[in-house]
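Computation of the quantities below employed the complete heavy-atom set of this structure, encompassing side-chain atoms and omitting hydrogens, waters and symmetry-equivalent molecules. Letters A, B, ... are given to chains in the order of the sequence lines, protein chains preceding strands, and every chain is numbered from 1. It should be emphasised that the depicted structure is a prediction, and the values quoted were computed from it without experimental measurement.
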2 protein chains.
Amino acid sequence: MKKKRSDCPISCSLDVFGDKWSLLIIRDIMLRGKMSYSEFLESEEKIATNILVNRLKVLEEENILSKSVSPANKSKFIYRLTQKGVDLLPIVIEIMDWGARYNENCPRRELGKKIQKDKIKVIAEYLEKLRNEVD
Amino acid sequence: MKKKRSDCPISCSLDVFGDKWSLLIIRDIMLRGKMSYSEFLESEEKIATNILVNRLKVLEEENILSKSVSPANKSKFIYRLTQKGVDLLPIVIEIMDWGARYNENCPRRELGKKIQKDKIKVIAEYLEKLRNEVD
DNA sequence: CTTTGTACTTGCAAAATGCAATAACAAATA
DNA sequence: TATTTGTTATTGCATTTTGCAAGTACAAAG
């Protein structure tokens, strides 16, 4: 872990995932059920391979993701959220809510509206889904 | 505004404030009542002047901050949150909550515990405080 | 024993950041 | 008027991070 800029909890958090890519990987695992390197590469934002490797490494070091060998394919790794990673869900949901509110052309506007109507329920639903997958 | 990587609301949001500094400026205004360039410079994370100028400019362009001349000092500018900026409060609170939960030595642990006990109330309190200041 | 899929590495150019010095300009002071 | 102070912003340059293209390593499948 690189040195912290301060002990402020917001600053500490941004030291870990304050970049343009980390939370997109989290999103892929959390909301889209992705689990592997190649699935992350497919996402529409087109992350570069060196950045992806680096972010997966940092997120694993920070104990936000766990990495294990796929039972189905021994040359494949599976990335899962730890509890610390699952706890990022409210942040991701709030960011999605804000983004949906202030962006036209958002393909997930329905989910955005659902969130605005009952955020706590949406979070609870995803948490339930994730509960069985946590490492 | 730079080009968006995708129409995903999370990606769009990160295009705007997905860096290590923007949300710290928002924090200073939102939670610490700071309003001016020199106050932002004083924060413990020690943002560089060129980064600060650039982030204030971007946040103003994105209509998250408004910039006006100080009535008390005509050579001073005052930065305030717009409604779009105030709407970032839940994100900031969730990030603070997560950061406080997973970091020792956090000087605002009391606030962290208060958030965990009654997040909605904390958000409502800050919203009330900010309501009168919005531009 | 060649092909495919998966994860990762390398090299290089471009962009962002960190740091130090300095400028522009209004207000306050001498 | 001249000088100093406070505030905001700019510039130059070194360092770091990112984007992009190509290539490597290695296990599984055919």
Side-chain angles (χ1 to χ4, degrees), chain A residues 1-6 11 14-26 28-29 32-62 65-80, chain B residues 1-6 11-26 28-29 32-62 65-80:
Chain A
M1 163 85 176
K2 307 164 118 168
K3 66 176 185 297
K4 292 193 290 186
R5 291 173 294 176
S6 81
S11 169
L14 294 176
D15 284 339
V16 176
F17 59 76
D19 68 87
K20 297 216 182 303
W21 295 108
S22 297
L23 285 179
L24 292 186
I25 296 173
I26 305 286
D28 282 351
I29 303 178
R32 302 182 177 179
K34 297 190 178 188
M35 303 178 89
S36 69
Y37 182 90
S38 47
E39 287 176 304
F40 304 140
L41 275 187
E42 284 164 8
S43 289
E44 63 267 39
E45 293 87 7
K46 297 299 166 210
I47 187 171
T49 61
N50 52 351
I51 310 281
L52 176 56
V53 167
N54 176 263
R55 285 316 111 90
L56 289 172
K57 179 166 158 286
V58 169
L59 291 172
E60 193 196 352
E61 283 168 2
E62 289 291 336
L65 299 184
S66 73
K67 180 180 181 177
S68 55
V69 175
S70 164
N73 179 341
K74 282 181 191 169
S75 64
K76 187 170 182 172
F77 292 105
I78 284 187
Y79 298 90
R80 286 196 185 81
Chain B
M1 163 84 176
K2 306 162 120 172
K3 66 174 183 299
K4 293 193 287 187
R5 289 174 295 174
S6 80
S11 169
C12 290
S13 298
L14 295 176
D15 284 339
V16 175
F17 58 76
D19 68 89
K20 298 215 180 307
W21 295 108
S22 297
L23 285 179
L24 292 186
I25 297 173
I26 305 287
D28 282 351
I29 303 177
R32 303 183 175 178
K34 296 190 176 187
M35 301 179 88
S36 70
Y37 181 91
S38 48
E39 287 176 303
F40 304 140
L41 274 187
E42 285 164 9
S43 289
E44 63 267 39
E45 292 87 7
K46 296 300 168 211
I47 187 169
T49 60
N50 51 351
I51 309 280
L52 177 56
V53 168
N54 175 263
R55 285 317 110 91
L56 288 172
K57 180 167 158 284
V58 169
L59 291 172
E60 193 196 352
E61 284 167 359
E62 290 291 334
L65 299 183
S66 73
K67 180 179 182 178
S68 56
V69 175
S70 165
N73 180 342
K74 283 183 192 169
S75 65
K76 187 171 182 170
F77 292 104
I78 285 188
Y79 298 90
R80 286 194 185 82

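Note: CD1 (B:Ile51) to C1' (D:dT11) measures 14 Å, nearest angstrom. Protein atom CD of B:Glu45 is 12 Å distant from nucleotide atom P of C:dG18, rounded to whole Å. Look at OH on B:Tyr37: it is 16 Å from C1' on C:dA26, rounded to the nearest Å. For A:Ile47 and D:dC20, the CD1 to P distance is 12 Å, given to the nearest whole Å. Straight-line distance from the NZ atom of A:Lys46 to the C1' atom of D:dC20: 14 Å, rounded to whole Å. Atom-to-atom, CG of B:Leu52 to P of D:dT11 comes out at 16 Å; the value is rounded to the nearest Å. In this structure, B:Leu41 places its CG atom 11 Å from P of D:dA9, rounding to the nearest Å. Across the protein-nucleic acid pair, B:Glu42 atom CD and D:dT8 atom P stand 10 Å apart, rounded to whole Å.
Nearer to the 5' terminus of DNA chain C, by closest-nucleotide assignment, is the contact made by A:Lys76 (compared with the other of A:Asn50 and A:Lys76). For A:Lys74 and B:Ile78, each mapped to the nucleotide of DNA chain D holding its nearest heavy atom, the one lying further toward the 5' end belongs to B:Ile78. Heavy-atom nearest nucleotides on DNA chain D were determined for B:Phe77 and for A:Asn54, and the one closer to the 5' end corresponds to B:Phe77.
Here B:Thr49 lies in heavy-atom contact (under 4.0 Å) with a base. The residue A:Ser38 sits close only to the backbone: its heavy atoms come under 4.0 Å of sugar-phosphate atoms, none of a base. Looking at heavy-atom distances under 4.0 Å, B:Arg5 makes no contact with the nucleic acid at all. If you check every strand for non-hydrogen atoms under 4.0 Å, B:Tyr79 touches sugar and phosphate atoms only.
Proximity of a side-chain donor or acceptor of B:Asp28 to a complementary backbone N or O of B:Glu39 within less than 3.5 Å is not detected. No donor-acceptor distance shorter than 3.5 angstrom exists from the side chain of B:Lys34 to the backbone of B:Phe40, with no hydrogens or angles considered. A donor-acceptor pair is defined here as one N or O able to donate and one able to accept, closer than 3.5 Å; no such pair exists between the side chain of A:Arg32 and the backbone of A:Ser43.
Checked by atom type, the side-chain pair A:Asn73/A:Ser70 shows no donor-acceptor distance below 3.5 Å.
Listed pair A:Trp21 / D:dT17 fails the phosphate criterion, with no side-chain N or O lying under 4.0 Å from OP1 or OP2.
For A:Asp19, whose side chain is taken as the heavy atoms from C-beta onward, the closest listed nucleotide among D:dT18, D:dG6, C:dG5 is D:dT18. The nucleotide whose nearest atom lies closest to any side-chain atom of A:Arg55 is, among D:dG6, D:dT18, C:dA7, D:dT18.
Shown here is B:Lys74, whose NZ atom has no more than 12 heavy atoms of other residues, nucleotides or ligands within 6.0 Å.
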